[in-house]
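Have a look at the structure below before the remarks.
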Amino acid sequence: WISVAAFWLADMFLNAQQAATRTLIVDVAPPQQLALGNGLFGVWDSIGKISGFFLGSIDAVHIFPHLSDAYAGEIFADVRLVFLFSISALVITMVLNQLVVREQPPPSDLLSPSWGCCGIVFMPIVAAFRSI
């Protein structure tokens with residue numbers, strides 16, 4: 001049951017990280033490029049998953065002998081390599097994202113005094129329900 005819980009948690013955290021990225025595509029890309037942005041997201045997501053399995057199959061101790069330790073031996077060396085690669089890739093791409101992407105400010109009608117700061121979140125939802 002531990003492996004099922006670990007898989008579920010990993011999937012939940014990946015989906016939480018990807019939700020922000022998908023929202024960024026919708027916020028930043030022009031409407032005519034949304035399909036291309038989502039398509040490229042899917043391609044890079046697939047490349048990331050395939051490269052993750054590939055990195056997990058590498059015998060890391062033979063390439064990086066210093067990853068082995070006295071307690072676990074070679075058991076966790078592959079996991080350390082995958083985590084090092086994934087954390088490095090995530091930090092680099094998030095820093096580039098923060099440096100390059102500039103979002104447009106929200107429209108002023110969403111910042112009405114009656115809704116306060118919550119208008120940014122709830123006004124589009126209310127407007128969507130009104131249009132149904």
Side-chain angles (χ1 to χ4, degrees):
W1 64 272
I2 292 175
S3 61
V4 171
F7 180 80
W8 183 81
L9 284 172
D11 189 47
M12 182 183 71
F13 290 128
L14 284 172
N15 286 333
Q17 196 275 331
Q18 288 180 355
T21 308
R22 289 191 182 273
T23 305
L24 185 67
I25 292 172
V26 173
D27 286 347
V28 175
Q32 64 270 19
Q33 291 184 347
L34 287 177
L36 176 65
N38 282 317
L40 288 173
F41 181 86
V43 167
W44 285 107
D45 183 47
S46 299
I47 290 172
K49 289 175 180 173
I50 292 169
S51 64
F53 281 113
F54 172 72
L55 282 174
S57 70
I58 294 174
D59 190 12
V61 175
H62 294 323
I63 300 170
F64 304 106
H66 62 279
L67 289 177
S68 177
D69 64 10
Y71 297 107
E74 298 180 3
I75 295 173
F76 294 111
D78 298 334
V79 175
R80 289 181 188 156
L81 179 66
V82 171
F83 274 102
L84 178 66
F85 177 77
S86 61
I87 290 170
S88 301
L90 183 64
V91 167
I92 289 169
T93 55
M94 291 304 213
V95 167
L96 285 173
N97 177 29
Q98 295 298 315
L99 293 174
V100 174
V101 174
R102 299 288 177 240
E103 284 190 79
Q104 298 295 325
S108 60
D109 60 339
L110 292 178
L111 300 174
S112 66
S114 64
W115 284 85
C117 65
C118 297
I120 294 173
V121 175
F122 293 111
M123 283 298 288
I125 297 170
V126 171
F129 278 113
R130 285 182 183 164
S131 67
I132 291 179

Going by atom type alone, with no hydrogens or angles, which donor-acceptor pairs under 3.5 Å involve a side-chain atom of residues 33-55 and a protein atom two or more places apart or on another chain?
residue, atom, partner, partner atom, Å
N38, ND2, L34, O, 3.3
D45, OD1, Q18, NE2, 2.8
D45, OD2, K49, NZ, 3.2
S46, OG, G42, O, 3.0
S51, OG, I47, O, 3.0
S51, OG, G48, O, 3.0

T93 OG1 to L96 CG distance, which is reported to the nearest 0.5 Å: 7.5 Å
F13-W8 co-clustered via ILVMFWY side chain contacts under 4.5 Å: yes
